[in-house]
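A short write-up of the structure that comes next.
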Amino acid sequence: MGAQRSRKRSERGGTRAAAPAPSAAMELLPRSPGEFGSARYWERFFRQRGKRPFEWYGAFPELCPVLQKYVRPRDKVLVVGCGNSELSEQMYDMGMCEDIVNIDISDAVIRQMQERSGSKRPKMSYLLMDMLQMDFPDAHFQVVLDKGTLDAILINEEEATLAKVDKMFAEISRVLQVGGRYLCVSLAQAHVLKKAVEYFSQEDWVVRVHQVAGTGDKQQFVLPVFVYVMTKFRKIPGSALQILEICPEEQDKPMRVESAEQLVAAVKDRQHYALLCSQLSKTPCGEQVSLDLCDKESGKPRYTLHVVDSPLVKSSRDNHFAIFIIPQGRETEWLFGTEEGRRQLAASAGFRRLVTVALHREQHYEGMAGIQAELSGKVMELAPPGLPARQQVPFLSVGGDIGVRVVQHRDTSPLSGEYVVEDVKGDGTCYFRRLIFLCNRNVVQSEARLLAPMPLPGQKKRRKDKKKPSPPEPPAAIDKSYLCCEHHKAMVAGLCLLGDPNPLPGAVLAVLVVGLGGGSLPLFVHDYFSQASVAVVEIDPSMLEVATRWFGFSEGDRMKVHISDGLDYVAKLAAEAPAQCDAIMFDVDSKDLTVGMSCPPPAFVEKPFLQKVKTILKPEGVFVLNLVCRDAQLKESVLATLKEVFPLLYMRRIEGEVNEILFCQPSPEGRRDPKELGTRAGVLEGALQQTGHPWDSSYVLADMLQAIEIL
């Protein structure tokens, strides 16, 4: 109800000519929303307003493209609740239609309009009549046009109001011919749209909703205007067919929806977007704003936009606004995938407002030029206040391209849900293979670097083709020497807690890893610790297949995978014999996204289970846990429980990520300070480099432990 009143005030306030005294102006507004349906109110309104045309919303130039689709020159048109709007006159004058009958319950406005149009438009008439009880015969009109009248009547959902609206709809239905159209111009409040859609769809009418294209005038009415088009069909007894469609302003082709609820939701999305654009055009946004732009055909997200304002950036003519296209596959990186990262990106780019654009894997894109052409109009709706007219807005990216993403495999697991294996291009010439669970598509579950193919001996480089090159195919071989995940590097570094690190790569070790994923962590331990026996526990058999087929994983004498729940497997080992494992590593995600801890599942950090973990760990062993917990209270509880079970506890936070790696030992006697741990990690790294396997110089194990905390 409040929105209805404020809407009226906005329309009146936008009129410039001859404003009455403040008290009279206030009298133009209803004392209560119920007066919108009162003949006495409208009589007083038009007497006080005088001859100035009153348009609530929907100027003729905006409505014309929609009206032209449904009003033909020979149609007989009825306009209900005409008021002193210029709509009928403009339709008449431009030749859209001449046989127009206008009715209203205000005697003052009918006399005013007869005087204004009588001699100029002889085929158009104005009649004093109540649309709830019209004098016209049945099936008399091809079109009934309503501009704001339904909105004015349906101000609440009380029984008396709904009965009045039912009467209005019944009368409109009676005077329309079969094949006729009821065109209702509305702001589409949810209860108004729902009532209209439900009433007419139950009568077997086809219901279509058009969004009216705005003029781009920032001073115009904020809420978007819609036209409901209800086309009358003969009712077929027993028919349950509903045809409900929406036509967004950018396209003519209607989109079919399944229910009134879906139609209301689609309209609500567009209303929220319009309010957001209005807000962003007036003031800088304190918090980052996120929205999805969907594919017109499928309705699936095509672009995800984040609007980031940097008020500290000094303003100049050319740095108001820019668009940054995130290369495909890199949207999960810290710089692009976190609020802090995007804030840093915007500040370093030097623009007061930056809109980052992430591309979705299900969609096809025609290069940077294609994306720019597709987005140019839409992103300008998100422009900041003060953008100079006709300002060129730059589109930025890393290296000027949109990246490469090749989906190699897509499947659904009964336990993990839908997932994809995809190859993406990183910085420079590197490619990476990723496993992503689509229930949490912004998190990379597993990642491996791909080896660049080596040219055959004597093979010459091909001459450059002058034609536009197609995107290169990613290489297929996995680089098993490279740990992509920072938390995996920290977990490996933590093995220096196992006694003297120098001979460790050749020592006999029993390692238990819970959580397989792509298998890069157990593979690295197997390959670089030549005498280590690695047991991997994985609950989802699909993941073993994925790791084997797509990530170069394989079992052998020293590598065994057990398809089991980690809880059950640890309990079984604890029942068999104590002190079996030198190292236990938990890197297992939770499928329950409602909990504030995504790794591990809460049952893995309950005290009775942790005591079983301690039972199977050797006295000088180490338990390494990857903890991802956004709930501060829950994290405190987890750490307190760990301290109760393990007297010695170290923690390493992974910079730029939520991950925290916990190193737990059963005895406090082996305590070492961070400096000593850094030294030991450096010694372990030197020993690992002597194993005959390639070593990537980009990570330094000593760095992994120098920032460690003792809890």
Residues which pass side-chain contact (heavy atoms from CB on, under 4.5 Å) with [X], listed by chain and number, not counting sequence neighbours:
X: V264; answer: A190, L193, K194
X: P578; answer: T615
X: A274; answer: P224
X: D479; answer: R449, L451, S481, Y482

Show me the pairs that pass salt bridge (charged side-chain N to carboxylate O under 4.0 Å, His left out) and involve [range], at least two apart or across chains.
range: residues 521-540; value: none
range: residues 611-628; value: D582-K618
range: residues 556-580; value: K572-E576

If you measure from [atom1] on [X] to [atom2] on [Y], what distance do you get to the nearest 0.5 Å?
X: Q408; Y: L435; atom1: CD; atom2: CG; value: 13.0 Å
X: I326; Y: L305; atom1: CD1; atom2: CG; value: 9.0 Å
X: L649; Y: C664; atom1: CG; atom2: SG; value: 4.5 Å
X: Y365; Y: Q363; atom1: OH; atom2: CD; value: 5.0 Å

Who pairs with [X] by ring-ring contact (aromatic ring centres under 6.0 Å, His included), at least two apart in sequence or on another chain?
X: F336; value: F324
X: F437; value: none
X: H562; value: Y569

Salt bridge flag under 4.0 Å for residues [X] and [Y]:
X: E374; Y: R302; answer: yes
X: K300; Y: D295; answer: no
X: R434; Y: E422; answer: no
X: R256; Y: E245; answer: yes

Any chance the side chains of S201 and Q242 put a donor and an acceptor closer than 3.5 Å? yes
Assess the side chains of N659 and E486: does a donor N or O sit below 3.5 Å from an acceptor N or O? no
Side-chain polar contacts of residues 628-638 - donor-acceptor pairs under 3.5 angstrom, sequence neighbours left out - could you list them?
from : atom 1 : to   : atom 2 : distance (Å)
D631 : OD1    : Q633 : N      : 3.0
D631 : OD1    : L634 : N      : 3.0
K635 : NZ     : E660 : OE1    : 3.3
K635 : NZ     : E660 : OE2    : 3.3

When the aromatic ring centroids of F646 and F663 are compared, is their separation below 6.0 Å? no
Taking the ring of F529 and the ring of F524, is the distance between their centroids below 6.0 Å? no
Could you label the plane-to-plane angle of the Y528 and W695 rings as parallel, tilted or perpendicular, counting under 30° as parallel and over 60° as perpendicular? perpendicular
For the pair Y419 and H409, name the ring-plane relationship: parallel under 30°, tilted 30 to 60°, perpendicular over 60°. tilted
Is any side-chain heavy atom of T548 closer than 4.5 Å to one of S554? no
Any chance CD of E545 has more than 12 other-residue heavy atoms, nucleotides or ligands included, within less than 6.0 Å? no
Crowded around E340 CD? As in, over 12 foreign heavy atoms under 6.0 Å? yes
I'd like to check the side chain to side chain donor-acceptor pair (under 3.5 Å) partners of Q611; sequence neighbours left out, ordered by chain and number. none
